Protein chains: 2
Amino acid sequence: MAKTSVRKNKDFNPTNCAVTFCMNIIGGKWKPVIIHLIRNNTNRYSLMLKAMPEASKQTLTNQLRELEADGVIERIVFAEVPPRVEYKITAYGGSLLPIIDAMRVWGRKHMPGV
Amino acid sequence: MAKTSVRKNKDFNPTNCAVTFCMNIIGGKWKPVIIHLIRNNTNRYSLMLKAMPEASKQTLTNQLRELEADGVIERIVFAEVPPRVEYKITAYGGSLLPIIDAMRVWGRKHMPGV
DNA sequence: CGGCATCCTAGGAGATACTG
DNA sequence: CAGTATCTCCTAGGATGCCG
């Protein structure tokens with residue numbers, strides 16, 4: 001399991017909470033953004049980086065690796081010059097989309113401004 | 001300091017992401033657990049503390065204060081001896097419950113073991 | 001282009017002791 | 001009973017540099 005914003009002591013999730021388990025997967029600082037970008041075909045490393053200028057390369061890489069390790073996204077390398085890498089949502093990751101959509105709807109309704 | 005554009009703190013959500021806004025509210029380590037306990041009438045400080053022995057008093061207090069500050073829960077003090085404090089989910093907090101339920105369903109389905 | 005390897009820091013979380 | 005007040009520690013996330 002990848003590390004996330006929800007702090008964990010060793011591998012123990014509070015009371016083995018299923019909600020926490022879910023949040024550990026989508027709870028990284030940039031993960032919702034990344035998932036959203038990939039859904040909208042902004043699925044290449046450099047494009048994503050440009051789309052989120054507040055994140056560093058390392059941070060983007062870390063979040064991508066975690067999402068990949070959790071099986072949410074898939075990494076596809078094209079043997080080309082210059083090299084090209086694309087990411088796509090897996091079927092497993094797709095099962096999370098309804099939840100993310102629900103959160104986005106809620107967020108839009110309740111977040112100040114915007 | 002702050003040689004780059006914006007120093008990020010918890011008040012700044014990446015690209016003003018609505019999903020992140022939502023997660024900042026329920027994303028504390030023990031917040032889903034707390035919300036679940038309150039829903040099931042384990043709504044007093046000491047009862048909650050006993051129900052989550054891995055959390056310290058300080059941590060419980062912090063999480064409760066944050067949930068209260070975000071308007072998710074309400075703190076009700078009874079002027080009794082010994083003192084009694086109960087917490088309840090606000091209407092605003094209630095609007096989050098469907099999302100939390102969806103996460104729990106997903107988590108139960110996909111988390112290993114348990 | 002798409003990464004690792006390094007190093008660093010802010011702040012979330014824990015432990016403990018004290019209080020009205 | 002239901003908290004504050006401190007302190008320490010850990011880790012997610014950020015800033016750079018190099019590399020195939």
Side-chain angles (χ1 to χ4, degrees), chain A residues 1-14 20 23-34 42-70 73 75-87, chain B residues 1-14 17 20 23-34 42-69 73 75-87:
Chain A
M1 255 287 286
K3 299 174 178 183
T4 69
S5 59
V6 178
R7 181 161 191 261
K8 287 177 288 185
N9 191 1
K10 316 206 168 178
D11 287 330
F12 181 79
N13 293 329
T20 301
M23 284 198 304
N24 281 342
I25 292 179
I26 55 178
K29 181 167 180 177
W30 296 95
K31 290 181 186 176
V33 176
I34 291 172
T42 305
N43 57 353
R44 293 181 53 182
Y45 187 86
S46 56
L47 290 180
M48 286 191 260
L49 198 59
K50 218 183 314 188
M52 32 197 268
E54 300 279 343
S56 70
K57 301 171 64 171
Q58 182 64 64
T59 298
L60 175 57
T61 299
N62 283 343
Q63 303 272 310
L64 286 171
R65 289 295 168 275
E66 289 177 12
L67 286 170
E68 191 188 0
D70 286 332
I73 63 175
R75 186 166 174 267
I76 307 162
V77 182
F78 295 85
E80 301 175 358
V81 176
R84 182 161 60 103
V85 177
E86 290 187 0
Y87 293 89
Chain B
M1 172 58 179
K3 52 193 236 176
T4 48
S5 49
V6 180
R7 192 84 200 136
K8 286 170 254 187
N9 55 38
K10 63 182 275 190
D11 289 333
F12 181 78
N13 294 331
C17 175
T20 301
M23 286 199 302
N24 281 342
I25 292 179
I26 55 178
K29 179 166 181 178
W30 295 96
K31 288 181 186 177
V33 177
I34 291 172
T42 306
N43 56 353
R44 292 181 53 181
Y45 187 85
S46 56
L47 290 180
M48 286 191 261
L49 198 58
K50 219 184 315 188
M52 30 198 269
E54 301 280 342
S56 69
K57 301 173 67 168
Q58 181 64 67
T59 298
L60 175 57
T61 299
N62 284 341
Q63 304 272 307
L64 286 171
R65 290 291 172 276
E66 288 178 16
L67 286 171
E68 191 187 357
I73 62 175
R75 186 166 174 266
I76 307 162
V77 182
F78 295 85
E80 301 176 355
V81 176
R84 182 161 61 105
V85 177
E86 291 187 359
Y87 293 88

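These numbers come from a predicted model, not from an experiment. Letters A, B, ... mirror the listed sequences (proteins, then strands); counts begin at 1.
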Would you please confirm or rule out a distance under 4.0 Å between OP1 or OP2 of [N] and any side-chain N or O of [X]?
X: B:T59; N: C:dA13; result: no
X: B:Y87; N: D:dA2; result: no
X: B:R44; N: D:dA2; result: yes
X: A:W30; N: D:dA12; result: no

So A:E80, base contact, sugar-phosphate only, or nothing? Heavy-atom distance under 4.0 Å.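 No contact.
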
Difference in axis direction between the ends of the helix from C:dC1-D:dG20 to C:dG20-D:dC1, five pairs, 10°: 50°

Separation of [N] [atom2] from [X] [atom1] (nearest whole Å):
X: A:L64; N: D:dG14; atom1: CG; atom2: P; result: 13 Å
X: A:I25; N: D:dA12; atom1: CD1; atom2: P; result: 15 Å
X: A:E66; N: D:dG14; atom1: CD; atom2: C1'; result: 14 Å
X: A:L49; N: C:dG2; atom1: CG; atom2: C1'; result: 10 Å
X: A:K29; N: C:dT9; atom1: NZ; atom2: C1'; result: 13 Å
X: B:L60; N: D:dC1; atom1: CG; atom2: P; result: 14 Å
X: A:I73; N: C:dG2; atom1: CD1; atom2: C1'; result: 14 Å
X: B:M52; N: C:dA15; atom1: CE; atom2: P; result: 12 Å

Identify every side-chain donor-acceptor pair in residues 45-53 of chain B under 3.5 Å, counting partners at least two apart or on other chains, and give the distances.
{"residue": "B:Y45", "atom": "OH", "partner": "B:K57", "partner atom": "O", "Å": "3.2"}
{"residue": "B:Y45", "atom": "OH", "partner": "B:T61", "partner atom": "OG1", "Å": "2.9"}

Under a 3.5 Å threshold, yes or no: a donor from one side chain and an acceptor from the other, between A:N62 and A:E66? no

Contact list (N/O, under 3.5 angstrom) for nucleotides 4-8 of chain D vs protein:
{"residue": "D:dT4", "atom": "OP1", "partner": "B:R65", "partner atom": "NE", "Å": "3.4"}
{"residue": "D:dT4", "atom": "OP1", "partner": "B:R65", "partner atom": "NH2", "Å": "3.2"}
{"residue": "D:dA5", "atom": "N7", "partner": "B:Q58", "partner atom": "OE1", "Å": "3.1"}
{"residue": "D:dA5", "atom": "N6", "partner": "B:Q58", "partner atom": "OE1", "Å": "2.6"}
{"residue": "D:dT6", "atom": "O4", "partner": "B:Q58", "partner atom": "OE1", "Å": "3.3"}

Hey, what do you get for [atom1] ([X]) to [atom2] ([Y]), rounding to the nearest 0.5 Å?
X: A:E54; Y: A:T59; atom1: CD; atom2: OG1; result: 11.5 Å
X: A:R44; Y: A:R84; atom1: CZ; atom2: CZ; result: 6.0 Å
X: B:K31; Y: B:M23; atom1: NZ; atom2: CE; result: 12.5 Å

Just to verify, what does B:E68 make a side chain to side chain donor-acceptor pair (under 3.5 Å) with, not counting sequence neighbours? none

Residues that B:V77 engages under side chain to side chain contact (heavy atoms under 4.5 Å, CB included), provided they are two or more places apart: B:R75, B:V85

Who pairs with A:N43 by side chain to side chain contact (heavy atoms under 4.5 Å, CB included), at least two apart in sequence or on another chain? A:I38, A:E86

Which of these nucleotides, C:dC1, D:dC1, C:dG3, is closest to any side-chain atom of A:P82? C:dC1

Determine the minimum heavy-atom distance between B:L67 and B:I25, stating which atoms define it.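 Between these two residues, the closest heavy atoms are CD2-O, 3.8 Å.
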
